[in-house]
2 protein chains.
Amino acid sequence: MKAASLRARVRAEMTDEIKAVARRHLSTDGANLSLRAVARDLGMASSAVYRYFASRDELLTALIIDAYGSLGDAAEAAPREWLAVCHAIREWALAHPHEWALIYGSPVPGYRAPRDTVPAAARVILALARIVAAAEVAEGEPVTGPLADELQAVADGFAPGTAPQVVGRAMGAWLHCCGAISAELFGQLQDTVEARRDFFEFQMRGAARWVGLT
Amino acid sequence: MKAASLRARVRAEMTDEIKAVARRHLSTDGANLSLRAVARDLGMASSAVYRYFASRDELLTALIIDAYGSLGDAAEAAPREWLAVCHAIREWALAHPHEWALIYGSPVPGYRAPRDTVPAAARVILALARIVAAAEVAEGEPVTGPLADELQAVADGFAPGTAPQVVGRAMGAWLHCCGAISAELFGQLQDTVEARRDFFEFQMRGAARWVGLT
DNA sequence: CTCATGAGAGAGCACTGCTCACAAAGGAGA
DNA sequence: TCTCCTTTGTGAGCAGTGCTCTCTCATGAG
């Protein structure tokens with residue numbers, strides 16, 4: 001796997017370059033990314049790009065996976081504390097709004113790349129789950145029915161030993177976090193709340209209290 | 001304004017017909033709505049549609065406003081109770097997923113029609129705000145700083161006499177609601193939670209408790 | 001040192017949004 | 001009633017898109 005990978009090496013570099021240009025286009029033109037424009041910027045024929053990505057959707061999927069990774073990095077780099085991680089996530093979203101829209105906005109073609117994205121997406125959630133699992137939170141009133149089993153399964157996978165209702169509350173906090181960021185990014189708070197950071201912190205403090213942290 | 005409106009009348013009918021076909025296309029093809037395809041379905045030249053909508057974006061804006069109206073209707077038709085309204089909103093979203101994506105997903109071209117949509121968007125929120133305003137909720141610990149003033153301004157506009165921190169919590173509940181529905185619709189809960197309705201109810205019960213209802 | 005494989009070019013298809021000059025067709029004013 | 005003139009619809013056309021195909025050619029593998 002040394003000299004044999006020379007060709008694979010330049011291929012990987014080219015792939016990265018395409019993704020970089022595509023990411024730049026994404027941040028200026030929005031979600032309607034043009035493969036031809038990317039090729040034009042790279043000084044190559046549009047058909048050549050298809051040697052690297054079978055379709056525009058495949059390029060987008062690659063960008064989505066990378067975005068999950070980047071967001072995961074940001075979340076893991078923050079201090080292991082609820083508010084810190086939340087703010088790290090929000091700041092990443094503010095810095096990469098179109099990539100946030102790509103992963104948490106409406107699915108672009110009405111279809112979501114199925115399995116490839118799941119592990120990448122899990123990292124951010126895990127960063128929050130770790131905090132909840134590490135803390136001692138009150139269990140509160142239990143959930144019942146099939147939902148309890150499902151939440152128990154999630155708990156077994158993500159944070160063993162956590163009560164299902166705590167998992168449910170943690171997921172709620174995560175939804176609250178996503179909702180707040182998306183609302184801010186997508187213009188839902190326009191002309192209503194300008195103290196965005198304070199508002200977000202207020203929301204996430206509430207979410208933490210609901211989960212049972214502190 | 002009687003006979004003079006004959007022309008305006010057929011124009012309005014034509015406009016509605018275009019929007020209806022566009023809505024149908026939206027529900028099958030997703031967000032990448034094709035004006036030409038709509039025209040084709042109507043048996044008219046694509047250029048004729050431009051007599052009614054100056055651009056594809058303008059058509060989409062019209063659909064967005066209509067969607068807000070439809071959602072507002074659904075929310076107002078529900079019993080004036082927290083959980084009932086939340087479930088009505090969710091059920092509307094499940095019935096009109098692409099329209100939900102249109103209004104609460106990522107902005108399609110990176111741009112949001114500015115003022116036209118605001119009053120339409122307010123109705124759903126008002127349906128929830130009424131419930132909070134009508135209930136007697138504990139004020140809890142107060143907010144301070146500029147955020148408090150902004151929340152107070154929102155309170156004065158939406159539900160006079162409500163404490164700013166209650167408004168903040170209510171907005172949080174709304175964000176939680178939006179986040180939960182979007183997550184369900186956009187596939188975030190895939191392979192994790194199947195008891196969707198129970199999960200949503202669990203979330204919104206928690207949101208209500210956080211606001212201070214019941 | 002050959003030679004197959006991978007990378008790139010370019011034409012082409014069907015589609016898109018949008019503009020333009022043109023042709024009916026109907027209501028408004030004389 | 002007759003004449004305009006605004007409104008509505010047409011079809012061609014431009015620039016752009018995703019994607020496929022065939023072709024060429026340099027280069028790394030054997």
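Letters A, B, ... mirror the listed sequences (proteins, then strands); counts begin at 1.
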Exercise for the section: Applying side-chain hydrogen bond (donor to acceptor under 3.5 Å, both in side chains), name anything that partners E194(A), two or more places apart in sequence or on another chain. Expected result: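 So E194(A) forms no side-chain hydrogen bond (donor to acceptor under 3.5 Å, both in side chains) with any residue.
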Handout entry: Parallel, tilted or perpendicular, as decided by the 30° and 60° cut-offs, for the rings of H176(B) and H176(A)
Key =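 Correct class here is parallel.
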Exercise for the section: Just say parallel, tilted or perpendicular for the rings of H96(B) and W92(B), cut-offs at 30° and 60°. Expected result: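 Parallel.
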Handout entry: A88(B) versus A74(B), closest heavy-atom pair with distance
Key =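 Nearest pair, atom of A88(B) first, then A74(B): CB-O, 3.8 Å.
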Exercise for the section: Assign each of A54(A) and A37(A) to its nearest nucleotide of DNA chain D by heavy atoms, then name whichever residue's nucleotide is nearer the 5' end. Expected result: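 Result of the comparison: A37(A).
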Would you mind reading off the distance between [X] atom [atom1] and [N] atom [atom2], rounded to a whole angstrom?
X	N	atom1	atom2	value
R40(B)	dT10(D)	CZ	P	14 Å
L35(B)	dT19(C)	CG	P	11 Å
Y50(B)	dG13(D)	OH	C1'	14 Å
R56(B)	dT16(C)	CZ	P	11 Å
E13(A)	dG6(C)	CD	C1'	16 Å
N32(A)	dC18(C)	CG	P	12 Å
L33(A)	dC19(D)	CG	C1'	15 Å
L42(B)	dT8(D)	CG	P	15 Å

Problem - Side-chain N or O of S34(B) closer than 4.0 Å to phosphate OP1/OP2 of dC15(C) - result: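 The answer is no; no side-chain N or O of S34(B) sits under 4.0 Å from OP1 or OP2.
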Problem - Atom CZ of R80(B): over 12 foreign heavy atoms under 6.0 Å - result: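 For R80(B), atom CZ is not crowded (no more than 12 foreign heavy atoms under 6.0 Å).
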Handout entry: Check: W100(A)/S106(B) side-chain N/O donor and acceptor closer than 3.5 Å
Key =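 W100(A) vs S106(B): no donor-acceptor pair found between side chains.
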Nucleotides 7-11 of chain C: which of its N/O atoms have a protein N/O under 3.5 Å away?
from    : atom 1 : to     : atom 2 : distance (Å)
dA7(C)  : OP1    : R11(A) : NH1    : 3.2
dA7(C)  : OP2    : R11(A) : NH1    : 3.0
dG8(C)  : OP2    : Y52(A) : OH     : 2.6
dG8(C)  : N7     : R51(A) : NE     : 3.0
dG8(C)  : N7     : R51(A) : NH2    : 3.3
dG8(C)  : O6     : R51(A) : NH2    : 2.3
dA9(C)  : OP2    : A45(A) : N      : 2.5
dA9(C)  : N7     : S47(A) : OG     : 3.4
dG10(C) : N7     : S47(A) : OG     : 3.2
dG10(C) : O6     : S47(A) : OG     : 2.6

